[in-house]
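Remember, it's 1-based here, ligands and their atoms both numbered in the order they're listed.
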Amino acid sequence: MANNITIDETIVWQKITPGGDIYASGNSEEFHTGDWRTTKPIFIEDRCIQCLLCVPVCPDISIPIKAEKRTDFAYNHCKGCGICARVCPVNAIEIKAE
Ligand code: SF4
Ligand code: SF4
């Protein structure tokens with residue numbers, strides 16, 4: 001299988017791994033998929049009560065935690081799905097157009 005190859009704009013589809021096949025767990029952080037985004041979550045820190053409900057629902061591990069508090073979004077791989085905003089009980093996340 002095609003592992004350890006550089007995937008860039010010159011690659012042809014026959015050389016990349018088939019869609020949907022995941023060869024390592026927890027690897028979404030390694031892929032900078034943030035440029036796929038059409039909508040973007042905005043963290044409104046003043047409203048946040050640090051309940052951390054948004055953290056486990058993010059499918060892309062895009063809400064970093066530091067000293068037991070969430071910090072701003074890791075936009076390099078956040079895809080803007082909006083799930084985090086849906087679960088936030090105090091509207092501390094707003095979704096805007098990219
Ligand atoms: S918008 Fe989606 S991908 Fe981005 S931080 Fe929220 S849940 Fe994660
Ligand atoms: S769900 Fe909302 S209030 Fe809770 S940590 Fe996330 S942003 Fe803050």
**Report entry** Pick from A92, A85, C51: the one approaching atom 1 (S) of ligand 2 most closely through a non-hydrogen atom
**Finding:** C51
Looking at [atom1] of [X] and [atom2] of [Y], how far apart are the two atoms once the value is rounded to the nearest 0.5 Å?
X   : Y   : atom1 : atom2 : value
D35 : K79 : CG    : NZ    : 10.5 Å
F43 : I63 : CZ    : CD1   : 9.0 Å
N76 : T33 : CG    : OG1   : 8.0 Å
H77 : R37 : NE2   : CZ    : 10.5 Å
C78 : I61 : SG    : CD1   : 12.5 Å
K96 : T39 : NZ    : OG1   : 12.0 Å

Requested in this report: Could you please give the number of protein N/O/S atoms within less than 2.8 Å of atom 2 (Fe) of ligand 1?
Outcome: 1
**Report entry** R47 side chain to N91 backbone, donor-acceptor under 3.5 Å
**Finding:** yes
Query - Those atoms of ligand 1 less than 4.0 Å from some heavy atom in F73 - result: 5 (S)
Report task. Measure the distances from the heavy atoms of L52 to every atom of ligand 2 and state whether one is below 4.0 angstrom. Result -> yes
Report summary line: With heavy atoms and a 4.0 Å threshold, my read on which part of I93 contacts ligand 2 is side chain
Query raised in the report: When you look for heavy atoms under 4.0 Å from ligand 2, do you find them on the side chain of V90, its backbone, both, or neither?
Result: side chain
Give me the nearest non-hydrogen protein atom to [atom] as residue plus atom name, then the distance to 0.1 Å.
atom                    : value
atom 7 (S) of ligand 2  : R70 NH1, 3.5 Å
atom 2 (Fe) of ligand 2 : C88 SG, 2.3 Å
atom 8 (Fe) of ligand 2 : C48 SG, 2.3 Å

Report task. Spell out, yes or no, whether I65 and Y75 are grouped together once hydrophobic residues are joined by side-chain heavy atoms under 4.5 Å, including indirect joins. Result -> yes
Query - Side-chain donor-acceptor pair present, D8, T10, cut-off under 3.5 Å - result: yes
**Report entry** Passing option when C81 is tested against P41, P59, S62, C58 for side-chain contact (heavy atoms from CB on, under 4.5 Å)
**Finding:** P59
Query raised in the report: Would one find more than 12 heavy atoms of other residues, nucleotides or ligands at under 6.0 Å from atom CD of Q50?
Result: yes
**Report entry** Heteroatom N/O/S of C54 within less than 2.8 Å of atom 2 (Fe) of ligand 2
**Finding:** no
Query raised in the report: Which ligand 2 atoms, with their elements, are less than 4.0 angstrom from a heavy-atom of I49?
Result: 3 (S)
